[in-house]
Amino acid sequence: MALTIYNTMTRKKETFEPLHDKQVKLYVCGPTVYDSAHVGHAMSSIVFDVIRRYLEYRGYEVRHVMNYTDVDDKVILRANDLGVDPLELAEQYIGEYNLLIEKLNILPAEEYPRVSGEIDQIIKMIEGLIEKDYAYEVEGDVFFRVSKDEDYGRLSRRDLEEMRAGARLGIDERKEDPADFALWKSTKAGEPSWESPWGPGRPGWHIECSAMSLHHLGEQIDIHGGGNDLIFPHHENEIAQSESYTGKRFAKYWVHNGMMQLSGAAMSKSTGNVLNVETFLEDHDPDALRLLVLNASYRSPATFNEDVVEQAEAGLARLRGALRDAIPGSEADEEVGEELAAAAEKARQQFDKAMDDDFNTAGALGHLFDLVKEINQARSAGADQKTLEPAKATLIELTGVLGLRLDDRSQTEQAEIGPFIDLLLDVRRELRDQGQYELADSIRNRLSELGVTIEDSKGGTVWHT
RNA sequence: GGCGACGUAGCCAAGUUGGUAAGGCAAGGGUCUGCAAAACCCCGAUCACGGGUUCGAGUCCCGUCGUCGCCUCCA
């Protein structure tokens, strides 16, 4: 079986073949850090995290780079409003993002370059483009000469003529062509600026990713990712810059995630239709967000609302419930053990097959839920701990490939409070034996309030946090 | 207006070479339990609508309606 990936460039699913054997170079466009992250950003991070995890599960060595855009109109505007230094403001948000990445259980990238740290690379690239006649300088600004790039518009399937016809008012008259875009902007008052051959200024938005990708991953990469709102103009322009500069194909696969929809519209900072990740995490499990994202196709718009969040939390509880202990007093059952092992193996095969199909996480999850049912059935049938163990291990491993943490119950915490809970349960046992149910239920309720759920069964009582 | 995506049970949704619709959540019934919780068992759709191609279409083609994205900064 071969892994297939949908490539925006060809609009088709293609068999995945990295440029270099088992090594995968993955560049993902990160956020412009002028505000806190919203759940749409989280979705993007989760999507590419799962792609990375699955590639690694498949035996690839992934070199993952994600940038932070810390020099940009938005950042400057916001900083000036607040009366603070743009780079310091950006630094603050980068700190927030890094923290979120950790909370959301996203594997750290190898590098997190930022514009302010890559100015030399950017200038060098612009110089190269001017040399090759792909760019020109006007009064301290440098523009990319779109007409020189015959392939321009290939990714977004846009026609250059139509783009010119549709160009809005307010075009910079100094540009040779309305479709040309800025590589370098001469400095204005109140903006951070750097010295360059064209005078003081700062980089345009698109050139940074081209330069960083080139710097950290080389001339050609395997996968370039980002939200589908970046297809045009950002990624189109990246391709124009990078390929004009190196003369080589930039990225082999272009992968784009769909937008998170909040109340029927895309989450967007510019419209204020957003929910911050931090706010969400105040009363929700990060894995619920992950499950919510994974329950649908990464390329389609994702539905986000209270119902869906609730459903994801319930689903998460079911996944975790499969890891519950055997019913006390159960015995080993070889036959059930063999059936379970077969079910686990089948689940793995189907999981792989689904994931091989352009990371079909929703389909893969379906098969994991099948395994959950098998485990629960075996437990109900009286299988003991040891019989259940291998299937549980498979479930933990495969949900782990999706970045879900089922086994997150802190072992140390359990060991610490365990004896006390057991003591309470012993007392409750006696109360129940004596028919003093009110007191027994009171213990159960109090424990529940403290986050400890207890469940009675024939063989005894089990508890979990 | 241009380009593109989508429309599957109450909700979220999978379904790539066309052959009688995964999974989760919710609701309902039952088993277990002193009660409860969890779990287990049972229970629901002909796939927006209208045509067409085909022995056969959710899955291909055309049209209609609807939703969304991009076209300006945006994951």
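Everything quoted here is computed from the prediction, not taken from an experiment. Note on naming: letters A, B, ... go to the chains in the order of the sequence lines (proteins, then strands), and numbering restarts at 1 for each one.
The salt bridge (charged side-chain N to carboxylate O under 4.0 Å, His left out) pairs that include a residue from residues 285-314 of chain A are A:Asp49-A:Arg290, A:Asp285-A:Arg320, A:Asp287-A:Arg320, A:Asp287-A:Arg405, A:Arg299-A:Asp358, where partners are two or more places apart or lie in different chains.
When the side-chain nitrogen and oxygen atoms of A:Ser457 are compared with OP1 and OP2 of B:A38, none of them lie within a distance under 4.0 Å.
Consecutive pairing runs in RNA chain B reach the stem threshold at B:1-7 with B:65-71, B:10-12 with B:23-25, B:28-31 with B:39-42, B:48-52 with B:60-64, where a stem means at least three Watson-Crick or G-U wobble pairs with distances under 3.5 Å.
Within a heavy-atom distance below 4.0 Å of RNA chain B, no residue of residues 385-401 of chain A is found.
Atom-to-atom, CG of A:Asn305 to C1' of B:G10 comes out at 13 Å; the value is rounded to the nearest Å. One interatomic measurement links the two molecules: CZ of A:Arg428 to P of B:A37, which rounds to 13 Å at whole-angstrom precision. Straight-line distance from the OH atom of A:Tyr437 to the P atom of B:U33: 12 Å, rounded to whole Å.
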Protein and nucleotides 19-24 of chain B: nitrogen or oxygen contacts under 3.5 angstrom:
from, atom 1, to, atom 2, distance (Å)
B:G23, N2, A:Asn295, OD1, 3.3
B:G24, N2, A:Gln311, OE1, 2.8

Atom pairs under 3.5 Å, N or O on each side, protein against nucleotides 44-46 of chain B: can you list them with distances?
none

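Ion pairing between a basic and an acidic side chain is recognised when a charged N comes within 4.0 Å of a carboxylate O; A:Lys252 and A:Glu14 show no such pairing.
In terms of the ring-ring contact (aromatic ring centres under 6.0 Å, His included) criterion, A:Phe232 has no residue partners (sequence neighbours excluded).
For the C1' atoms, the distance from B:G23 to B:G18 is 23 Å, rounded to whole Å.
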